[in-house]
Structure formats: structure tokens, C-alpha cells
Amino acid sequence: MRQTKFIFVTGGVISSLGKGLSSASIGALLEARGLRVSFLKLDPYLNVDPGTMNPLQHGEVYVTDDGAETDLDLGHYERFTHARLTRENNLTSGRVYETVIQREREGDYLGATVQVIPHVTDTIKEHIVSVGKNPETDVQIVEVGGTVGDIESLPFLEAIRQLKADLGRQNTLYIHVALVPYIPSAKELKTKPVQHSVKELRSIGIAPDILLCRTDRFLPRSVKAKIALFCDVEEEAVITAKDVDTVYELPVTLHNEGLDDAIVQRLNIWTGQPNLDRWEHVVSTIKNPEDRLRIAMVGKYTDLTESYKSLNEALTHAGIAHEVAVDIEYVDSDKLEGSALETLSTVDGILVPHGFGSRGAEGKIQAIQYAREHEIPYFGICYGLQCAVVEIARNVAGMAGANSTEIDPKTPYPVIDLMPGQLGRAGTGGTMRLGAYPCRVVPDTLAARAYGRTEVSERHRHRYEVNPTFRKRIEEAGLVVSGMSPDGTLAEIIEFPDHPWFLACQFHPEFHSTPFDPHPLFRAFVGAAVRHHKGA
Ligand code: GLN
């Protein structure tokens, strides 16, 4: 029987070394060699899923087609490869313990004392092996979150250690990502941290096959030789993962360092050299844009880069399609006055992204009014649709005090509200409309022109909906509902035709965008921003 090969990726020294992007790049390189890859992210925290975690701390919650709320690394995996991921591709300690405790309560352990080893580790192994059983997968890449030496990642590391014996050494490969810092005062690259990190890994029984060394410069041969000697890996298996200007440069950089050669050799996979033309094209377009655009992103978080990861990437992808660079200006919706308003007056497009709760809502609504009245291209996503409907209801349809009941439960015009089936379920977690749902696009609209088709499927993560009771009145004032759920009850896309480009969607198109295939709505928005920029 054909056996899936497993690559285990761990990290050491410090967190934020780009393990997720490294894993995604490994996938991209193997795919470019004709192999089919899939991913599994193991997260050591005790939340059952990251849906309830603060995005400021944890970054964006990435939603899959099957409606799982997952770690943002799954976004990197899907953007870098053709892998389509589900709930099964992200496993947290919380979920592992949930399973173990449930089994214990059901008496599955037949009176045994339930322990981390073997019960927790067996549950982890079962999951890894079952995900890897997919006949569509040649190589299963398994990334262990956290840093080697953390107490909480130990059961995961023990599980992947045991898998070498279970699956056979020819089917398993261990890649360790570690930091090799340059110390300016000594003018030297320091190898001690990586040595310590590998020592830590060895102490729990894992001997890495390949080391990915994060540095700000290429490692000279002498440094590689030293790392190879002290860490007991071959010299060609010491790979420099130098900082890159754009994340899409990583696959090419790692290929030039011989990473994919080292992998296929050690896993004994026969493939030809990868074709990386499309990656090179993407990188050169990003690095040599014909022009630069400025898009204002109006949100409540001050540090929006990680919380809106997929969105930022989708804007970059759309920029590639138009050969422009998109610079994002974050505007805090809590402070929408003075300089913030000045920013809005000079940008080429305004975007209001997803959001929860009432804080900052008035600022977002004000920004949308500004975009509408000053004919600046506007793109609203999820909350950005809901705020746009409120704005048009108030300021065009004359419904003073209109609001979403999430923001003002006592509004005279609840134009955005929970749907009857959802009432009483508004808590945290578990009550949202999550994952892919079909949407019918109305012909002859901005949306239909962007998509070039009328049946689409997009990912959702929200509770509130456009209230059908008020829809007609707002439509009479000029709003067009250009996308609907197939039964016609839920508004999925809205537009305001009396404007150069004003469109908002209830779903998250950013989760379907890749550098090679930018999402049609982002592409159309950036196209409108280009026209605005040129004064056309
Ligand atoms: N808070 C809004 C809702 O729950 C919007 C959610 C979002 O933007 N993802 O419907």
C-alpha cells in the first residue's frame, strides 16, 4: 500500500520565527515538484478552537469551507498551495483533552488510569495518522505550534517522536526552525541558540534531519559547518531562511538553498526539479510595481496586521493583478477626526473589515458616509456591509437612528438584526453562521461583472443579517442587493450604484484569495482604486 510521507516542523529559541510560512513554503516547493501536499497544525493551547481568542493576541481566526475556526497558519497553507483544509487540519490540546475526557466518561478506557502517556499521546497520534490517510495526499506536513521547551507542547512532541517508529524512518522527516542571530557589536552570527534548541529537542528524543536557520543574512559555509557539527546534521541540511521582503519570496529563497532537494532525498521520493516560474513572477511583480495605491482600512484594533492577515494578503494579491503595490493605512475608528479624516480624503479606496461589538462602530459608519459622499471606492466586508446598510438607511433612506441591534438594541430601525432562528442563541462561540454557503449573484451588477458568474460559494463568520423588514425601504432609496442566499432571504452582497464603486459583502472573500488567483471582488475593488488614483 502507498504510504503518505510525514514532515514534522518544530520551532526553537523564540516564537514568531515564521514556522507557519516555512511549512507553507515547504508545501509550495513539493507541490511545484508535482507532489500532493496537505497540512496539519497542532496548537498546544487549551482552547478547543481559536474562535474565542482575542485576535490581538492570537491574530486572525481563519475560517475553512466546513466552518471551522482555525489558526491563521491554515491561511498561509491555503494561500501557498492547492490544499483545501477542514476542521481536521487543526488540532489543539483543548480538543485532544476534550476527546480523551469524553472517552473516559464513556468508559472507553476500561478502568485504566488515564494518563498523558499513552492516552493523550495516542489520541494525538491517531489524529495525525488519520489525517495523513487521505489518498489525495503524498506528503503530510505537520507543524507543531509553540517552541521546543514549552511545557504545553510536550505531548505533541512525544507523539511525533513515537511516530518515527510507528510509520518508519523512511516515511518521516523532522525539520527544526531556529534563530541564528547576528550580534552587531561582535560582528558575528551566533550559533549557540540553535545548538541549545537542538539539544532540547534531542533530550526529548527527536533528532532533526534538517535545520532551517532564520537569519538576516546568508550563513557562510563556516557557520553552516559549525552548526552541522554541533547539531549532528549534514551540512547540506543546514538551510538559511533569510528574511525576505515579501513572504512569497520564501519558496524561491529556500529552493535556492537546497531545501526541497534535501527533503526529497531524505524521504526517498523521486521527483524532478520544481518549476517555480509563477512564484518568480509574483515576486517580481510585487517588487517592481508600476504604481502605488493607498487604501484606508478602518477598524477598531490599533495593530491590525495580524488580526486582518488574510485581508492584507488579498489586497496584495489584487495589487499583483493590476501590477500595483497596495499600501494599507490603518485608521482607528475610535478616533475618526482631525488627521484620520484627512487620511480618508487622500486615499484611493476605503475598506471597513469585519468586526464585533459596538466599539468604533460610529467611526466606521462615518468613514463609509465619507467614502459615499466623496465618491471614493468603498469595499465593506461583513461588519463593513452591516455598517454600510446602517449608513445608507440613516443618511439616504431617512431612517434616523437606524442601527444594528448589535450596536444599539433599542434602535427604532433595526436594519441589521439577528434572524428569528438565531434569537436566544446569542452567546459566544457556536452561534455563528460559519463556513461556505452558496450565494446567487444578480446579473448586471458590479458583483456579477467582477465574478463573471452568478453562482458562487463564500465563507462566512457572523451572526447578524440585513433585516428583511426594512430591506425594501432601503432598496427604494438606491441600495441594490446584488447577492442573495439561494432562497432569497439573506442579503449577501450590496451595492450603491450612484457611486463609482461601492460594494460590500456579508461573507469573507479574503479566505479564497491567492497570489495566483486574486479574489474577483478584491480585484475589482483595487481596479476601482487604480481608476480613482489616476483621476479617471
Ligand atoms: N459582528 C457582526 C456579526 O456578528 C459582524 C461579524 C464580522 O464582521 N465577521 O454579524
Side-chain angles (χ1 to χ4, degrees), residues 49-53 55 59-72 74-75 78-79 84-87 89-90 299 307-311 313-314 351-357 364 379-390 404-406 415-423 425-442 447 450-451 453-468 471 481-495 503-514 519-522 525:
D49 66 45
T52 53
M53 280 161 83
E60 140 186 302
V61 173
Y62 188 78
V63 181
T64 53
D65 275 334
D66 68 337
E69 299 178 276
T70 69
D71 187 80
L72 61 76
L74 274 79
E78 285 200 333
R79 281 189 285 277
R84 278 296 152 261
L85 307 173
T86 69
R87 180 176 310 284
N89 302 92
N90 190 189
S307 340
Y308 294 118
K309 187 97 219 152
S310 297
L311 240 165
E313 294 304 317
L351 192 154
V352 173
H354 52 278
F356 289 88
K364 293 178 191 177
F379 191 15
I381 293 178
C382 208
Y383 203 59
L385 173 141
Q386 299 174 356
C387 291
V389 170
V390 169
S404 160
T405 50
E406 182 179 15
V415 292
I416 305 291
D417 202 356
L418 293 173
M419 290 295 94
Q422 286 179 300
L423 288 175
R425 290 198 297 145
T428 46
T431 62
M432 278 195 267
R433 187 163 182 249
L434 283 167
Y437 286 94
C439 162
R440 279 223 175 112
V441 183
V442 178
Y451 277 112
R453 60 204 158 100
T454 52
E455 299 281 329
V456 300
S457 165
E458 298 282 4
R459 297 181 192 174
H460 297 68
R461 182 174 188 251
H462 67 112
R463 284 191 190 89
Y464 292 81
E465 301 284 355
V466 176
N467 189 340
R471 206 163 99 186
V481 177
S482 58
M484 265 170 287
S485 59
D487 65 1
T489 56
L490 306 176
E492 291 276 16
I493 312 174
I494 60 137
E495 301 178 10
L503 181 148
C505 50
Q506 187 58 78
F507 47 78
H508 290 272
E510 67 273 23
F511 294 143
H512 275 158
S513 184
T514 77
H519 190 282
L521 295 182
F522 277 91
F525 171 56

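The basis for the numbers below is simple: all heavy atoms, side chains too, and nothing from hydrogens, waters or symmetry mates.
- Rounded to the nearest 0.5 angstrom, Thr86 OG1 and Asp66 CG are separated by 5.0 Å.
- In summary, the side chains of Arg463 and Thr431 do present a donor paired with an acceptor at a separation below 3.5 Å, with no hydrogens or angles considered.
- Across all non-hydrogen atoms, the minimal contact from Ala450 to Pro520 is O-CB, 3.4 Å.
- Considering only residues two or more places apart in sequence or on other chains, Pro438 meets the side chain to side chain contact (heavy atoms under 4.5 Å, CB included) condition with Pro486.
- Scored by the salt bridge (Lys or Arg N to Asp or Glu O under 4.0 Å) test, Asp65 finds Arg459 as partners (sequence neighbours excluded).
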Problem set entry | Step-by-step side chain to side chain donor-acceptor pair (under 3.5 Å) determination, Ser482 to Glu495 | CA-CA 7 Å; Ser482 58; Glu495 301 178 10; 2.8 Å; yes
For this session: Go through Ser310 and Glu60 one step at a time and tell me if the side chain to side chain donor-acceptor pair (under 3.5 Å) criterion holds.
Result: CA-CA 8 Å; Ser310 297; Glu60 140 186 302; 2.5 Å; yes
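- Annotation: the span from Phe507 atom CZ to Ile381 atom CD1 amounts to 9.0 Å, rounded to 0.5 Å.
- Separation of atoms SG (Cys439) and CD (Glu455) is listed at 8.5 Å; rounding is to 0.5 Å.
- Note that the CG atom of Asn89 and the OG1 atom of Thr70 stand 8.5 Å from one another [nearest 0.5 Å].
- No side-chain donor from either of Glu458 and His508 sits under 3.5 Å from a side-chain acceptor of the other.
- Here the CZ-CG distance, from Phe379 to Leu521, works out to 5.0 Å after rounding to the nearest 0.5 Å.
- A perpendicular orientation is assigned to the rings of Phe522 and His519, their planes being inclined by more than 60° (bins at 30° and 60°).
- Each of Arg440, Gln506, His460 was scored for a side-chain hydrogen bond (donor to acceptor under 3.5 Å, both in side chains) with Glu492, with one residue passing: His460.
- Judged by distance alone, the side chains of Thr64 and Arg84 never bring a donor and an acceptor atom under 3.5 Å apart.
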For this session: Test side chain to side chain donor-acceptor pair (under 3.5 Å) on Glu78 and Tyr62 and set out the steps.
Result: CA-CA 10 Å; Glu78 285 200 333; Tyr62 188 78; 2.6 Å; yes
